[in-house]
Amino acid sequence: MRLLLHLIFCASLAAAQDRDWSKVEIKVQPVSGGIYMLTGSGGNIGISVGEDGVLIVDDQFAPLAPRIQEAIKHITEKPIRFVLNTHYHYDHTGGNPEFGKDSTIIAHDNVRKRLVSGSPSGITKADPAPKAALPVITFDSSLTVHINGEDIQALHFAHGHTDGDSIIFFPKANVVHMGDDFVTYGLPFVDVEGGGNLQGMIENVEKAMASVPDDVKVIPGHGPLSTKADVKKFTDMLKDCIALVKTAMRGGKTLAQVKAAKPLQKYDAIGQGFIKTNEFIELIYNELKGDIGKAKQRSTKHH
Ligand SMILES: [Zn+2]
């Protein structure tokens, strides 16, 4: 067991050393009323700064923690008291073992569960997290941190990007941090193995946007500071993708046939990045197939 742990530790260490973290620059952008956005590598960090101290939303990767701390020290001398994780992915929680030493980590129940278990395979592959990386306070539906004259609310939305997503609202400053329910890198990644669902994600984003003013400042999970209009473009595009794939599936087409029909050709320019067009078609196809299965079950019960 010791040897196994040692091997796992060395393997993950080697992976971390593969990247040249020294080239990553942490940039600080003031957003509004004591809220800043920090970019580096991994998910965007949102921070609340004020007389009570600092709360940070997500913390990128462990090797960047000293530089993130340094960037925050340029804004305030106050301590980082709280860390909120929007979801479990390692590019949003990687800094937890470092920040958890002096700050209280807060997240949805499923974030802690998934950090404890680790992820066996795929893009999200990660070893079980060490104790120091785990949220100390978890919540089921919502939690509010009253700090810096702001009622910072973490609201859980079920089955979107993952099954443990929270969207973080800063009502006084009129800012919202979307986690990876809203990203600007092209076709979005939906972590199906982690309980994610594309249609759920669209619903969640629309629900969140309906509850905030039109001039809200939007921190995406990845990408530049955005507006409500940018988010609408994103959900419109996703709904269009679903409709296009649905049409291509008519007559019981197979996945190969649907892919061959190129239903998402008009989005090909944004389907060359992290998530390729065909992967996205497959995601939608499987989701719609599942729905058809569920609909059948429902109607069978009815009879
Ligand atoms: Zn993510």
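Keep in mind that what you see is a predicted model, and the values were worked out from it rather than measured.
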request  = Taking Asn197 for its side chain and Gly200 for its backbone only, find out whether a donor-acceptor pair lies under 3.5 Å.
outcome  = yes

message = Ignoring hydrogens and geometry beyond distance, is a side-chain donor-acceptor pair present between Asp215 and Asn174 at under 3.5 Å?
response = yes

message = Using a 3.5 Å distance criterion without hydrogens, assess whether the side chain of Thr76 forms a donor-acceptor pair with backbone atoms of Lys78.
response = yes

task = Check each of Ile137, Thr138, Leu155 against Leu143 using the side chain to side chain contact (heavy atoms under 4.5 Å, CB included) test, and report the only one that passes.
result = Ile137

ask   = Counting N and O atoms only, with roles assigned by atom type, does the side chain of Thr235 sit under 3.5 Å from a partner on the main chain of Ile202, one being a donor and the other an acceptor?
value = no

Step-by-step salt bridge (charged side-chain N to carboxylate O under 4.0 Å, His left out) determination, Lys113 to Asp109 = CA-CA 6 Å; Lys113 277 183 202 155; Asp109 297 333; 5.8 Å; no

message = Quick check: closest heavy atoms across Val258 and Ala248, and the distance to 0.1 Å?
response = CG2-O, 3.8 Å

note = Heavy-atom closest pair (Ser166 atom, His108 atom, distance to 0.1 Å) is OG-CB, 4.1 Å

ask   = Looking just at side-chain N and O atoms, do Asn96 and Asn85 make a donor-acceptor pair shorter than 3.5 Å?
value = yes

note = In short, Val111 meets Gly164 closest at the heavy-atom pair CG2-O, 3.4 Å

request  = Write down the atom of Ser48, the atom of Asn148, and the distance for their closest heavy-atom approach.
outcome  = OG-ND2, 3.0 Å

inquiry  = Checking the side chain of Lys276 only, and the main-chain atoms of Gly273 only, is there a donor and an acceptor separated by less than 3.5 Å?
reply    = yes

key: Criterion side chain to side chain donor-acceptor pair (under 3.5 Å) on Asp91 and His222, from CA distance to verdict   = CA-CA 10 Å; Asp91 56 330; His222 298 264; 3.2 Å; yes

ask   = Would His89 and Asp191 count as having a side-chain donor-acceptor pair, cut-off 3.5 Å?
value = yes

Considering all heavy atoms, the nearest Lys217-Ser32 contact = CD-CB, 4.2 Å

query = Parallel, tilted or perpendicular: which describes the rings of Phe169 and Phe157, with under 30° parallel and over 60° perpendicular?
reply = tilted

ask   = Just wondering, do Leu187 and Met237 contact through their side chains at under 4.5 Å, heavy atoms?
value = yes

query = About how many Å separate CD1 of Ile270 and CG of Leu264, when rounded to the nearest 0.5 Å?
reply = 9.0 Å

key: Mutual orientation of the aromatic rings belonging to Trp21 and Phe61 [parallel < 30°, tilted 30-60°, perpendicular > 60°]   = tilted

request  = For the residue pair His87 and His161, categorise the inter-ring angle as parallel (less than 30°), tilted (30 to 60°) or perpendicular (more than 60°).
outcome  = perpendicular

inquiry  = Using only atom types and a distance under 3.5 Å, with no angle test, would you say the side chain of Arg81 pairs donor to acceptor with the backbone of Gly53?
reply    = no

task = Verify, without hydrogens or angle tests, whether Asn44 (side chain) and Thr39 (backbone) share a donor-acceptor contact under 3.5 angstrom.
result = no

task = Consider only side-chain N and O atoms of Arg114 and Thr124, and report whether a donor and an acceptor are under 3.5 Å apart.
result = no

ask   = For the residue pair Asp52 and Gly149, what are the closest heavy atoms and their distance?
value = OD2-N, 4.2 Å

task = Please confirm whether the backbone N or O of Lys172 pairs with a side-chain atom of Glu150, one donor and one acceptor, at under 3.5 Å?
result = yes

ask   = Any side-chain donor paired with an acceptor under 3.5 Å for Thr144 and Asp151?
value = no

